[in-house]
Amino acid sequence: MSLLPRPVSQTTDASAPPFRLSAHSVIRTDPSAATTARILAEALRASTGFALPVEPIGTEEVVDSVGTDITLSIDPSLSTTSGAYRLTAAASGVEIVGADADGVHHGTQTLRQLLPPDNWAPMAGAQDWIITATVVDDAPRFAYRGAMLDVARHFFTVAQVQRFIDQIAALKLNHLHLHLTDDQGWRLEIAGWPELTRIGAATAVGGGEGGSYSADDYRAIIEYATARRVTIVPEIDVPGHTNAVLAAYPELNPDGVAREPYTGTEVGFSSLDIHAESTYEFLDDVFTQLAAMTPGPYLHLGGDEALATPEADFLHFARRVSELVATTGKTAIAWHEFGASRELASGTIGQYWNYVSPEHGHADKLRSFVDQGGQVVMSPADAAYLDMQYPDIATAGLTWADGPTSVERSAVWEPTDIVEGVGEQDILGVEAPLWTETVPDVQTLEFLVFPRIASIAEIGWSERRAPDWSDFRVRLAELAQSWSAAGIAFHRSPEVSWLD
Ligand code: TNX
């Protein structure tokens, strides 16, 4: 099996005896990788039916330690890059050494790609599951490798979000950006502001029933993600995209009159009252609570498409709200429009959504974050947006970003080639957003996300090289066998020669 994302190096020796998983296999682990060991054991028990006990390293008896064990350990001297690992598979066992706990987790995902794809299928049984003798040495290119899920336009349950976390973690993505609020819905309970969820969460695009996460629900998502080495990046989108708030709390409207709930798909018509102190008291409470609920270092404050906010007001708001988020102790991330302000809290991160070839004005706004001491996350809409239609089928997705977007186009762009003056050191990473105006259910979600999510995984992880679509599409077809085994409803694009 070949690997996706492509590793730094892989050598195989077909003449050496292979590793063989067996009913006697034990997963041995360093205590600091115990969660990763448990998750690996649960997954492989489900497919193999083997007992696969998890035991601490060092407790093995010499007689039974021969040949079939999987050993997880941490060695910081392996690499200074977080997430780096070495995997060795041989007749004597599988050894995964991570530079840190993230590295061990990544090594286990590589192990699952080296095993037959059926290791993703419940009750597959493990007839002759062997791995050719191999050594993989690997480390990520970018620290931030993300996906975004818009739970505001259509709501997705905790269990559905957790399934999505499993799917992205398998590709070594390590950030899930949750777009929690928009015109059509406010999806997170905030203490002291009951109407946000009573009124603001009752709607969705097309008149669906909406929904929201309680504090316990949010904690369940965080815990599930953390165990899989995924950082949750919550977004409260302001000052535009706020109709749901403005429907819930009339005092946040410039005219003091509550807005009607909105279930359409227009953007750019709503704005918080930029000149009312009550706006900042509200936002201070929301971001302070959100910071306390969120272990990760980032809070995303949106800032995109604030077309109903006059320019001078927008600049005033950008300064104040970036400062307010910085005061919580978190690093703010904003869509690149916020770069119009030269008074952002130092270190604010910009997320780029314009095209691979920037339209007028967008590149300057992104560069502004770097000038102000921040890094950037690259999500060029014409290549990285997962909600763009495919060229061959128009049942789901939008086309505004020079769409439709082929799998090839999603795979062949280079983050450092987009904005002049924004290079490798300035780029924290890459992210593929799924906006859900046209995504009412998990089936549609998986159809749009897969296979194009594999592109962002490769661009975020693998060392820079000239894009090689012909090599990528072959590995993609192999990877998709595991999607079939896992029951993922991926799009069988005619651009790829699928293997089943
Ligand atoms: C643009 S680009 C948006 C979203 C929409 C999306 C649909 C950006 C930051 N915002 O509000 O959902 O297009 O593709």
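The chain is numbered in sequence order, starting from 1. Both ligands and their constituent atoms are indexed starting at 1 by order of listing. Note that the structure is predicted; figures quoted are calculated from it, not measured.
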Measuring only between side-chain heavy atoms, which start at C-beta, is [X] closer than 4.5 Å to [Y]?
X      : Y      : answer
His491 : Ile393 : yes
Leu196 : Thr181 : no
Phe369 : Thr348 : yes

Verify the distance criterion only: is there a donor paired with an acceptor across the side chains of Ser493 and Glu495 at less than 3.5 Å?
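Glu495 and Ser493 do have a side-chain donor-acceptor pair below 3.5 Å.
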Under a 3.5 Å cutoff, is there a donor and acceptor pairing between the side chains of Asp382 and Trp413?
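No.
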If you look at each N/O of ligand 1, which protein N/O atoms lie under 3.5 Å away, and at what distance?
| unit_1 | atom_1 | unit_2 | atom_2 | d |
| --- | --- | --- | --- | --- |
| ligand 1 | 10 (N) | Asp304 | OD2 | 2.9 |
| ligand 1 | 10 (N) | Glu305 | OE1 | 3.3 |
| ligand 1 | 11 (O) | Arg153 | NH2 | 3.0 |
| ligand 1 | 11 (O) | Glu305 | OE1 | 3.1 |
| ligand 1 | 12 (O) | Arg153 | NH1 | 2.7 |
| ligand 1 | 12 (O) | Arg153 | NH2 | 3.4 |
| ligand 1 | 12 (O) | Glu437 | OE1 | 3.3 |
| ligand 1 | 12 (O) | Glu437 | OE2 | 2.6 |
| ligand 1 | 13 (O) | Trp400 | NE1 | 3.4 |
| ligand 1 | 14 (O) | Asp387 | OD2 | 2.7 |
| ligand 1 | 14 (O) | Trp400 | NE1 | 2.7 |

Testing Glu305, Glu337, His362 one by one against Trp353 for a side-chain hydrogen bond (donor to acceptor under 3.5 Å, both in side chains), which residue passes?
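Single pass found, and it is Glu337.
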